[in-house]
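Below is one structure, written out as structure tokens; comments come after it.
For ligands, and for the atoms within them, numbers begin at 1 and follow the listed sequence. Any value given below was found using the heavy atoms of this structure, including those in side chains, with hydrogens, waters and symmetry copies removed.
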Amino acid sequence: MIQLKDKVIFITGASSGFGEITATKLVAEGCKVILGARRVEKLAALAEKLGPENVAFQEMDVTKIDNVRSIVKLGLDKFGVIDGLVNNAGIMPLSMIASGRIKEWDQMIDVNVKGVLYAINAVLEHMLKRGHGKIVNVSSIAGQKVFPASAVYSGTKFAVRAISEGLRVETAGKIQVTNISPGAFATELGNSINDAAIRDSLGAYEKIVQPAEHVADAIIFALKQPPSVAINELTIRPTAQEL
Ligand code: NDP
């Protein structure tokens, strides 16, 4: 495995959960990080903690391609290169199809699918010109299995897996592509569930969820592979999780 010192990593959805802890651990390894999310005040506090010289951050809505291109430019202006992308921003407003929460379907597709594509688009030309780059797309166990209320969320995460594989075959020899599928870990993700009954039904997971730092460690393991090797698929669950 390689050292990540001085590598520049762009993380979408860095204001909480996996993104925040991955940023923290990467800076501890000597990386520079480019952090985007909508809650810019959380990014500002994180940048202060991690050392402003190590961080470029900006308010970014991943559903807006101009926002994503703008933060990539900010990062390139500050650090000169982008070595890796952790394509992590996501929402999970689970609900039954019959509930017809069309606005939530639109949002999920915009953030979880289009947002992933936009972030890839914003860095890929730069990486291909350099001849190398690392892209870790955050899918989910829900990108491998479908359960009641997960149809649309699972659809977006199956899509992330398909996009990861497509990117891998199209950029073979240059881009190290990883699709990571986490199970249930403790983050703010459940807050995006607006259907009270579904939210209550997930209470059982509270007993088994594990700290988000385990997923950050797995992401960093993927980033640490030498350029000639890529961990293409990585599934990580709490041992107690059956689904
Ligand atoms: P959090 O809710 O803690 O983090 C989600 C992050 O995404 C936040 O930083 C949020 O920032 C950001 N985000 C949401 N919408 C947007 C947007 N429109 N533009 C930019 N950023 C956005 O949850 P997790 O850390 O758990 O989620 C990270 C990823 O992990 C997601 O893709 C999720 O689907 C996936 N995942 C999580 C699992 C878990 O058990 N926790 C399991 C499997 C997958 P802000 O609101 O400030 O914009």
Side-chain angles (χ1 to χ4, degrees), residues 10-25 33-47 57-72 85-94 103-104 106-119 122 136-145 147 150 152-161 163-164 178-194 199 202 204-216 218-219 234-238 240-241 243:
F10 171 33
I11 304 175
T12 69
S15 58
S16 61
F18 300 155
E20 178 181 8
I21 187 139
T22 302
T24 305
K25 283 175 175 270
V33 290
I34 304 164
L35 308 180
R38 292 165 305 172
R39 289 172 294 173
V40 71
E41 68 290 346
K42 296 203 97 188
L43 298 179
L46 184 59
F57 72 93
Q58 189 167 285
E59 182 175 340
M60 179 203 73
D61 183 335
V62 83
T63 68
K64 297 183 174 145
I65 185 70
D66 291 348
N67 279 200
V68 186
R69 289 191 175 137
S70 169
I71 190 173
V72 164
L85 162 66
V86 179
N87 218 345
N88 164 74
I91 55 171
M92 187 186 68
L94 300 175
K103 247 190 178 162
E104 293 183 354
D106 287 345
Q107 274 172 349
M108 252 188 296
I109 292 165
D110 284 350
V111 176
N112 298 3
V113 182
K114 290 187 188 171
V116 163
L117 286 168
Y118 290 173
V136 178
N137 293 325
V138 181
S139 178
S140 173
I141 287 294
Q144 300 177 1
K145 296 184 172 190
F147 50 92
S150 88
V152 180
Y153 180 66
S154 284
T156 67
K157 292 303 188 178
F158 272 73
V160 171
R161 201 146 61 91
I163 291 163
S164 298
T178 300
N179 183 78
I180 181 164
S181 301
F185 289 85
T187 68
E188 297 180 11
L189 193 66
N191 296 349
S192 59
I193 305 173
N194 298 310
R199 208 167 162 160
L202 293 179
Y205 280 99
E206 278 167 25
K207 293 193 193 106
I208 62 158
V209 286
Q210 294 298 306
E213 66 172 292
H214 297 299
V215 175
I219 290 170
L234 211 162
T235 299
I236 175 168
R237 289 181 179 86
Q241 181 175 349
L243 182 81

- Task: Look at atom CD of E41 and say whether more than 12 heavy atoms of other residues, nucleotides or ligands are closer to it than 6.0 Å.
- Result: yes

Per the under 4.0 Å non-hydrogen criterion, ligand 1 touches G13, A14, S15, S16, G17, F18, A37, R38, R39, M60, D61, V62, N88, A89, G90, I91, V111, V138, S139, S140, Y153, K157, P182, G183, A184, F185, T187, E188, L189

Please determine if E59 and K64 form a salt bridge, counting it only when a charged side-chain N lies under 4.0 Å from a carboxylate O. no

Pair V138-N87, side-chain contact (heavy atoms from CB on, under 4.5 Å): steps then yes or no: CA-CA 6 Å; V138 181; N87 218 345; 6.0 Å; no

- Query: Any side-chain heavy atom of F57 sitting closer than 4.5 Å to one from I34?
  - Reply: no

For residues 12-22, the salt bridge (Lys or Arg N to Asp or Glu O under 4.0 Å) pairs (sequence neighbours left out) are none

Answer yes if the side chains of D61 and N67 hold a donor-acceptor pair under 3.5 Å, and no otherwise. no

